Amino acid sequence: MSDLVLEARRVADIEEAEHEVYVPDPGVVEHSYIKDPDAFYAESVKDIPAFWESQAEGLDWYKKWDRVLDDSRAPFYRWFVGGKTNIVLNALDRHVKTWRKNKLALIWEGEPGDSRTMSYYALNREVNKFSNVLRGMGVKKGDRVTIYMGRIPEIMVAMLACAKIGAIHSVVFGGFSENALGDRIEDAQSRVLITQDGNWLRGKVIDLKTIVDAAIRRSPVVEKVIVVQRANNAVNMEAGRDFWYHDLMSLPIAMTSSETEVMEATDPLYMLYTSGSTGKPKGLVHLHGGYQVGIASTLKYAFDVSDEDRWWCAADPGWVTGHSYIVYAPLILGLTSFMYEGAPNFPYPDRWWQLIAKYGISHFYTAPTAIRGLMRFGPAWPKRHDLSTLKVLGTVGEPINPEAWRWYYRYVGQNRCPVIDTWWQTETGAFMITPTPARALKPGSATRPFPGIVADVVDENGESTEADQEGFLVIKHPWPAMLAGIYGDPDRYVNTYWGKFPGVYLAGDAARKDADGYFWVIGRIDDVINVSGHRLGTAEIESALVSHPAVAEAAAIGLPDEVKGQGIHCWVLLRNGYQASDALAEDLKLHVRREISPIASPDKIYFPSTLPKTRSGKIMRRVLKARALGMAEGDVSTLEE
Ligand code: PRX
C-alpha cells in the first residue's frame with residue numbers, strides 16, 4: 001500500500017473512533033480501585049504534593065522525607081527530600097519478611113521451551129549473593145554498571161543487585177550494535193559490565209558476548225565483564241577480565257546475606273539512554289525515591305492489579321517499560337510476573353496466546369506494533385487458546401490505531417477486558433495519560449491524565465488549545481517519577497524539556513484533546529522517529545549514514561508503515577566517484593544496522609541529486625515528508641532550491 005493511502009486510512013480510522021465509546025462493564029467498575037475516575041482525579045489535583053505523599057505513605061522508608069517537593073532549583077525538581085530509602089527495600093526486603101517470601105516473584109519461559117520460577121525468597125537470595133559479588137569487584141555506591149542482556153531472570157538480578165548496593169545501572173537494550181553499546185559505556189564510564197553468552201531469538205542464538213568484546217575494544221574503560229551462561233554458546237573469555245556468573249556465585253564472597261544500602265530519596269537509581277532530536281542519545285537519570293512512588297501507584301491503579309494476579313509486561317527490560325513495569329513496579333506491589341525470552345511468533349504466531357493460557361496470565365501489556373504484527377496472521381490464532389484468565393490489557397509505545405485496538409479488545413480481551421492505552425516516556429518514568437479500568441474508552445485515545453498529573457495541549461504561545469485543535473503536549477506540574485536530568489549535561493535537560501514554555505514540561509509530542517477532554521496523541525514533533533515503539537533520532541541515523549565512505553549528506557524521516565507504525569526513509573547524496581545502485585542501497589542499510597541496531601535499519605534509500613535545504617544549509621525534512629506523502633509543502637519561503 002502506498003504511504004499516501006496508508007496515511008489517509010489512518011486518519012479516517014481515527015475520525016470514526018472518536019465517536020466509539022466503550023463503557024466499562026459493571027463488574028470491572030466494582031472491582032476497580034478507582035470507581036469514579038473523574039472524582040478521584042479532581043480530588044488528587046487539589047493538592048498535588050499531598051496526593052503523592054499519600055501514595056508514598058504506602059511504601060517503606062528508612063526515614064520519611066522532610067519535604068514532599070522541593071522546587072527551589074526548578075526545573076531540577078526533587079521529591080521526598082530528606083527521605084531515606086532504597087527501591088530494593090520495597091521491591092524485595094519488605095516482602096521476604098512476610099508471607100510473600102514464598103510467593104512466586106517470577107515465572108520465566110525460554111524460547112526453546114525451558115522454564116524457571118523464583119519465589120521472592122529465591123530472588124532475594126540471588127540478588128544478595130550477586131550484590132556481594134559486585135561489592136567484591138570493587139563496585140561502590142554511585143558507580144555505573146552497564147548491563148547488556150536479553151530477557152532472562154538474571155537481568156532482573158543484575159539490576160536489583162546494583163540498586164541494592166547503590167550502584168547506578170545503565171541497561172543497554174540487547175539489540176544495540178557494538179558501536180551503540182561502546183558509546184553508552186564510554187558516556188557512563190562503566191568499569192563493570194554484565195552480559196550473557198547469548199540469548200535465544202527466533203530459533204537462533206544472538207551472540208551478545210562477541211558484541212561486548214567489540215564494544216570494549218572501542219571503549220576500553222571496562223575492566224571486568226560478568227557473563228551469564230544461558231545458551232551454551234562457545235564464547236571468548238579473556239583471562240583476568242571476563243568471569244562466568246556461576247563461578248562468581250559459587251565463591252565464598254557470594255554470601256546470602258547482604259545489607260541494602262541506605263540511599264537518599266534523591267540518589268540516582270539508574271540511567272537509561274534515549275534518542276533526542278539532535279546529537280548523541282542522552283542518558284536520562286531516575287532516582288530511588290520519587291520513581292518508586294510513581295511506578296507503584298500507576299501500575300496499581302491503571303491495571304487494578306492485586307495479589308492473586310499474574311502480570312505479564314511483554315516489553316524488553318532494556319527499555320523504560322521494562323525497567324518500570326517488568327522489574328521494579330511489579331515487585332514493589334508483590335505481584336507474580338511472567339517473562340518470556342523469545343519472539344512472539346516463534347515457532348508459530350500463537351506463542352504469546354499459548355503462554356497466556358499456559359500460565360493463566362491475568363494482565364497483559366504490550367506495544368501496538370506487536371498487536372499489528374500478530375493481527376496479520378488472523379484471529380484463528382488467539383481463538384484456539386483459552387484466554388479466559390485475562391482481566392485487563394494494556395498498550396504502550398506509540399499511538400494505537402483504532403483498528404488494532406478493536407482487534408486486541410475483541411480477539412485477545414474477548415470483549416471483556418479494558419484496554420489500557422498508557423501514554424508516557426523514558427523521561428516521565430511512569431504512566432502519565434492513561435485510563436484506569438473504570439473509565440469509558442475510545443479506541444486510539446489514551447483518555448485522560450492519571451491522578452496527580454496535569455497534562456494539557458497548548459499552542460505556540462503556551463495557551464490551552466480549543467477542543468480538537470492540535471498542539472504541544474505538555475505537563476504543567478512536576479510529578480514524582482520524573483527524570484532528574486541528563487547524565488553529565490544539565491543544560492541539555494533545561495533546554496530540551498523546559499526551554500519552550502517556562503515552568504512547563506515539553507513532552508515533544510503533538511496531541512489534541514476532544515470535547516470530552518480525551519487526549520489523542522499524534523506523534524513526535526521533533527526529529528524523532530518511532531519504529532515499532534522504538535525511539536530513534538533522525539540525527540543518529542543520518543550520522544551513521546555519513547560515516548559510510550560513499551555518503552556525502554543524508555536525511556532520514558519516518559513515513560507511515562502498516563506494522564511498524566513508522567518506517568525509516570533516507571535520502572542520500574553520494575560523494576564523487578560513487579554510483580547509485582541497489583547494491584549500494586543494501587550496503588548502506590547494513591551499515592546502519594551495524595552502526596546502531598537492526599531496529600534502525602532503513603526501509604528505503606533514495607539517491608536524489610539534491611536535497612531541499614534552507615538558505616542557511618539546513619535540510620528541510622518536513623519538505624521531504626510532504627513530498628513523499630503527496631501533501632502540500634507548507635511554508636517554503638526559506639527553501640534554497
Ligand atoms: O511519542 C510518544 C510515544 O513514545 C514516546 C516515548 O518514547 P520512549 O521514551 O521510548 O518511551 C516509550 C515507552 C514509554 C512518546 O513521546 N508514545 C509512548 N506511549 C504512547 C505514545 N504515543 C501514543 N500513545 C501512547 N500510549
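Quick caveat, the model's predicted, so the values are computed rather than measured. Each ligand, and each atom within it, is numbered from 1 in the order the structure gives.
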(request) Select the closest option to atom 6 (C) of ligand 1 among Trp319, Trp424, Trp520, Tyr325, judged by heavy-atom distance. (result) Trp424

(message) Any nitrogen or oxygen of Thr321, side chain or backbone, less than 3.5 Å from one on ligand 1?
(response) no

(request) Indicate, as side chain, backbone, both or neither, the part of Gln425 found under 4.0 angstrom from ligand 1 when only non-hydrogen atoms are considered. (result) both

(request) Over 60° means perpendicular and under 30° means parallel, so classify the ring planes of His323 and Tyr270, tilted if in between. (result) tilted

(request) Check whether any side-chain N or O of Tyr505 sits under 3.5 Å from a backbone N or O of Ala455 as a donor-acceptor pair, and report yes or no. (result) no

(request) Find the distance between CD (Gln55) and NZ (Lys300) and round it off to the nearest 0.5 Å. (result) 6.5 Å

(request) Return the orientation label for the Tyr33 and Tyr301 ring planes: parallel under 30°, perpendicular over 60°, tilted otherwise. (result) perpendicular

(message) Below a 4.0 angstrom heavy-atom separation, can you tell me which part of Thr422, side chain or backbone, both or neither, approaches ligand 1?
(response) backbone

(message) Using the ring centroid of each side chain, check whether Tyr365 and Phe303 are separated by less than 6.0 Å.
(response) yes

(request) Assign the ring pair Phe450 / Trp52 to parallel, tilted or perpendicular, where the plane angle (0 to 90°) is split at 30° and 60°. (result) parallel

(message) So if I apply the side chain to side chain contact (heavy atoms under 4.5 Å, CB included) rule between Ile568 and each of Val592, Val531, Asp561, which one comes out positive?
(response) Val531

(message) I need the atoms of ligand 1 closer than 4.0 Å to a non-hydrogen atom of Val521, numbered in the order shown.
(response) 22 (N), 23 (C)

(message) For atom 23 (C) of ligand 1, what's the nearest protein heavy-atom neighbour? Residue, atom name and distance, please.
(response) Pro399 N, 3.1 Å

(message) Do Leu272 and His286 make a side-chain contact, defined as non-hydrogen atoms from C-beta onward lying under 4.5 Å apart?
(response) no

(message) Suppose we measure from atom 1 (O) of ligand 1 to each protein heavy atom; which comes out shortest, and what is that distance?
(response) Asp509 OD1, 2.8 Å

(message) Parallel, tilted or perpendicular: which one describes the rings of His534 and Phe173, with boundaries at 30° and 60°?
(response) tilted

(message) Over 60° means perpendicular and under 30° means parallel, so tell me whether Trp311 and His363 are parallel, tilted or perpendicular.
(response) tilted

(message) To check your reading of the model: name the closest protein heavy atom to atom 4 (O) of ligand 1, its residue, and the distance in Å.
(response) Gly397 O, 3.3 Å

(request) Please write down residue, atom name and distance for the protein heavy atom closest to atom 7 (O) of ligand 1. (result) Arg535 CD, 3.5 Å

(message) I want to confirm something. Looking only at heavy atoms, which of Ile420, Asp421, Asp526 is nearest to atom 26 (N) of ligand 1?
(response) Asp421

(request) Would you mind running through ligand 1 and noting each atom that sits below 4.0 Å from a heavy atom of Val396? (result) 13 (C), 14 (C)

(request) Report the nearest protein non-hydrogen atom to atom 25 (C) of ligand 1: residue, atom name, distance rounded to 0.1 Å. (result) Glu398 O, 3.5 Å

(message) Considering non-hydrogen atoms of the protein only, which is the closest contact for atom 16 (O) of ligand 1, and what is the distance?
(response) Arg524 NH1, 2.8 Å

(request) Please work out whether any backbone atom (N, CA, C, O) or any side-chain heavy atom from C-beta onward of Thr426 is under 4.0 Å from ligand 1, and answer side chain, backbone, both or neither. (result) both

(message) Taking 4.0 angstrom as the limit and counting only heavy atoms of Asn530, give me the atoms of ligand 1 inside it, by number and element.
(response) 3 (C), 4 (O)

(request) Could you tell me whether Ala446 and ligand 1 have an N or O pair separated by under 3.5 Å? (result) no

